[in-house]
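Every chain is numbered from 1, with letters handed out A, B, ... down the list of sequences.
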Number of protein chains: 2
Amino acid sequence: MGIQQTLKAIGDPTRREILDLLKAGEKTAGEIGEHFKATGPTISHHLAVLRNAGLIMDEKKGKYIFYELNMTVFEEILSWITAFTGGDKDE
Amino acid sequence: MGIQQTLKAIGDPTRREILDLLKAGEKTAGEIGEHFKATGPTISHHLAVLRNAGLIMDEKKGKYIFYELNMTVFEEILSWITAFTGGDKDE
DNA sequence: CTTATATTTAGATGAATATCTAAATGAAAA
DNA sequence: TTTTCATTTAGATATTCATCTAAATATAAG
C-alpha cells in the first residue's frame, strides 16, 4: 500500500464518486453500480483499486458484497496535506 | 482547473517530490531538475502539470523561472478530505 | 552580433490504465 | 440439483500519460 496507491486511487472521478456514495453508509457492489452508466466489471475494477488502496473495506454477506469507507487511510492523506498547509512559514 | 486536475497532479511521485522540494522555498526549474535523474523536458512537463493544477506558481526573473508552492489549492484538497474525515459519523 | 545558458515545445514511444465482452465463481432460490 | 442472481476474473482494446531526443525560444554574456 502507501500514499502512492492512495493518491492514484482518488485521482479518478468515478472512484471519487464511489467514495461519495459510501459517505451515506455501506452499499453493495450492485447498488454502487446502479449509479453509473459503466458496466459491472468496470465498477468491480474501481472497487478493487479502492480496496487495494485501503480506502474501502468489503464484507461478504451471503450473495452480496458490502463496501464501506475506511477512514484510517483518509487520515494518512490528511497528514500528507497538512505537511504543506500546516507547515506554511507565512502562516 | 478543479479538484480532478489537482488530485491527478499529486498522484505522480516525481511531482510530489517536486512539491516537497518547494516546501523549503522557491527554486528555479534547473535547481529542481538537479534533484532528479529525469531529463529537463520531463521535469518541465511535470512543472507544467503542477502549474495547470494551480499547485505551484512561476515567476520569470531574467534567464531563470522560479517556482513556488501555491497554498490556496492545498486548502481545496484539504476540504475535500475533511468532507470524509470531518463528517465521520463514528467520530 | 554571436555564443552560451535556461527552459519549454514538438513529436515519438512505451507503459499504465479505464473500459468492454465473455467466462468463471459462489451463494441463494426454485 | 438445476437455475438464477451478484460479483469477479480474464483477456482485448483504446486512451492517457511519463519519458525521451531534437528543435525552438528567450535572455544574458562575450
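- One atom, OH of A/Tyr64, and another, C1' of C/dA29, lie 11 Å apart when rounded to the nearest Å.
- In this structure, the CG atom of B/Asp58 is 10 Å from the P atom of C/dT9, given to the nearest Å.
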Reading 5' to 3' through nucleotides 18-30 of chain D, protein heavy-atom contacts under 4.0 Å coded B for base, S for sugar-phosphate only, - for none: SBBBB---SBS--

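- In this structure, CG on A/Asp58 lies 11.0 Å from CG on A/Asn70, to the nearest 0.5 angstrom.
- With rounding to whole Å, A/Leu50 atom CG is found 16 Å from D/dT7 atom C1'.
- Judged by distance alone, with hydrogens and angles left aside, the side-chain atoms of A/Arg51 form no donor-acceptor pair with the main-chain N or O of A/Ile56 at under 3.5 Å.
- Rounded to a whole Å, the CD1 atom of A/Ile56 is 13 Å from the C1' atom of D/dT7.
- Looking at A/Lys61 and A/Glu26, a side-chain N of the basic residue comes within less than 4.0 Å of a carboxylate O on the acidic one, giving a salt bridge.
- One distance of note links CG of B/Leu47 with OG1 of B/Thr14; it measures 11.0 Å at 0.5 Å rounding.
- Taking 4.0 angstrom as the limit, A/Tyr67 places none of its side-chain polar atoms (N or O) nearer than this to OP1 or OP2 of D/dA6.
- Atom pair B/Gln5:CD and D/dC17:P shows a separation of 10 Å (rounding to whole Å applied).
- When the P atom of C/dC20 is taken as reference, atom CZ of A/Phe36 falls 12 Å away, rounded to whole Å.
- At a threshold of 4.5 Å between non-hydrogen side-chain atoms, the residues B/Glu31 and B/Leu21 do not count as touching.
- The distance from atom CD of A/Glu59 to atom C1' of D/dT7 is 16 Å, rounded to the nearest whole Å.
- A cation-pi arrangement is present between A/Lys23 and B/Phe84, with the terminal nitrogen or guanidinium carbon under 6.0 Å from the aromatic centre and inside a 45° cone about the axis.
- The separation between A/Leu47 atom CG and D/dT8 atom P is 6 Å, rounded to whole Å.
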